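What you see below is based on every heavy atom in this structure, not just the backbone, and it leaves out hydrogens, waters and symmetry mates. None of these values were measured; they are calculated from a predicted model.
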Amino acid sequence: MDAPDPDRVAHLQPDVGEGVNLVGDAFAWIFSGDQSPFDPLGQALGVQLLYTVVSVVIAGAIAIPLGWFIGHTGKGRETAVAISGAARAIPSFGLLILLTLLLGVLHKPEAAVISFVILAIPSLLAGAYTGLEAIDRRVIDAGRSMGMTEMQIFWRIEVPLGLPLLVGGIRAATLQVLATVTIAAYIGLGGLGQYIIAAIPLRRFDMLIGGAILVAVLALVTDGLFALLQHLVVPRGIRVAGAAQPQRRSARRRRAEALAVGAPAAPAASP
């Protein structure tokens, strides 16, 4: 067997220095302030956040009341789980293209928002109803024994105690939409994705990597802010009890936390 050609092997090996240069060029492009002929960074960032906020707000207006109803009454849980699972399986890019073709090119923003709303609903729905399901039933029975009405139980007990998991669902939905809004540039709606999509045929690797870095940094900052908010909305009494006994978490709450972020929950242990 012939020995490999050293020149060919050297050619096939990745050039680490070239990779470092590409990252450096990407940061130079970001901080240059000159993204012409594309939108300035501030405008692209604004479009990215606008589509994210609008889509999550609309999805929240649909999913959160429905999730609260399911969690409070216990009705329709199986249907909600099935719908959420089906919605998670829909490819966002394919749905975006399909809706653009169905609604027409004059309604591309509406097609994008509908696609992102469908993407956000499962996490919001799961966060809303699992937040209420995870509450210890003895707490609710105690409220009823004190003479509280169903509405008082809902707003004074269930909503405050279920808020951390709801914020977790909002956090997951926002990150999913924020990352997926990048594909809106494919149909000409701008945002940070325009740099990534336009850079591929132009072979502008500095712009390609720079756009990816911007999307990643924006997602990390958003995730950090929601993580802080999720910690702050935990009722003070539960925070103190959790600090004193960190290992005491019910199986019901662990399953609820998994559902709120879209992870598969472990089956309940048999008695």
Are Arg144 and Asp141 within salt-bridge range, i.e. N to O under 4.0 Å? yes
I need the full list of salt bridge (Lys or Arg N to Asp or Glu O under 4.0 Å) pairs touching residues 187-211, with sequence neighbours left out, sorted by first then second residue. Arg204-Asp206
Please assess Leu166 against Val159 for the test side-chain contact (heavy atoms from CB on, under 4.5 Å), listing each intermediate value before the final yes or no. CA-CA 9 Å; Leu166 174 59; Val159 170; over 6 Å; no
Applying a strict under-4.5 Å side-chain criterion to I, L, V, M, F, W and Y, I'd like to know whether Val57 and Ile170 cluster together. no
Report the C-alpha distance between Gln35 and Trp29 in whole Å, list the side-chain angles of each, state the deciding distance to 0.1 Å, and finish with yes or no for side-chain contact (heavy atoms from CB on, under 4.5 Å). CA-CA 8 Å; Gln35 282 75 42; Trp29 173 83; 3.3 Å; yes
OH (Tyr129) and CG (Leu66) are apart, to the nearest 0.5 Å, by 10.0 Å
I'd like to check Ile97 versus Ile187 (side-chain heavy atoms, cut-off strictly below 4.5 Å). Are they in contact? yes
Can you list every pair that meets salt bridge (Lys or Arg N to Asp or Glu O under 4.0 Å) and has a residue in residues 164-184, with sequence neighbours left out? Arg171-Asp223
Among the clusters formed by ILVMFWY side chains lying less than 4.5 Å apart, do Ile114 and Leu178 turn up in the same one? no
Between Asp25 and Phe205, is a side-chain contact (heavy atoms from CB on, under 4.5 Å) present by the stated rule, with each step listed? CA-CA 8 Å; Asp25 292 342; Phe205 298 112; over 6 Å; no
Do Trp68 and Ile83 share a hydrophobic cluster, counting only Ile, Leu, Val, Met, Phe, Trp and Tyr and linking them when any side-chain heavy atoms are less than 4.5 Å apart? no
Between Thr182 (side chain only) and Ala179 (backbone N and O only), is there a donor and an acceptor less than 3.5 Å apart? yes
Passes side-chain contact (heavy atoms from CB on, under 4.5 Å), Leu41 versus Phe31? Steps please. CA-CA 10 Å; Leu41 282 183; Phe31 293 107; over 6 Å; no
So do the side chains of Ser92 and Phe116 get within less than 4.5 Å of each other, counting heavy atoms only? no
Distance, nearest 0.5 Å, that separates CG of Leu220 from CG of Leu175: 9.0 Å
Which heavy atom of Tyr195 sits nearest to which heavy atom of Gly211, and what is that distance? CB-CA, 4.4 Å
Within the supplied structure, the quantity of interest is the number of heavy atoms (other residues, nucleotides, ligands) at a distance under 6.0 Å from Tyr186 OH; does it exceed 12? no
Hey, does the side chain of Gln43 reach the backbone of Pro40 with a donor-acceptor pair shorter than 3.5 angstrom? no
For Ser115 and Leu96, work out which heavy atoms get closest and say how close. OG-CA, 3.4 Å
Approximate separation, where rounding is to 0.5 Å, of Asp39 CG and Leu45 CG: 12.0 Å
Which distance, rounded to the nearest 0.5 Å, do you find between the CZ of Arg77 and the OG of Ser84? 10.0 Å
From Lys108 NZ over to Leu189 CG, what is the distance, rounded to the nearest 0.5 angstrom? 6.0 Å
Could you tell me the separation between the CD1 atom of Ile135 and the CG atom of Leu132, rounded to the nearest 0.5 Å? 4.5 Å
What is the minimum heavy-atom distance between Ala120 and Ala173, and which atoms define it? O-CB, 3.7 Å
Heavy atoms only: give me the nearest Ala63-Leu124 pair and the separation to one decimal. CB-CB, 3.8 Å
Report yes or no: do Val215 and Leu225 belong to one cluster of Ile/Leu/Val/Met/Phe/Trp/Tyr joined by side chain heavy-atom distances under 4.5 Å? yes
Is it true that Ile213 and Ile200 fall in one hydrophobic cluster, defined by side-chain heavy atoms closer than 4.5 Å? yes
Under a 3.5 Å distance rule, please check whether Gln194 uses its side chain to pair with a backbone N or O of Gly188 as donor and acceptor. no
Considering non-hydrogen atoms only, spot the tightest contact between Pro160 and Phe154 and give its length. CD-O, 4.4 Å
Where is the tightest heavy-atom contact between Gly190 and Val47, given as atom of each residue plus distance? C-CG1, 4.1 Å
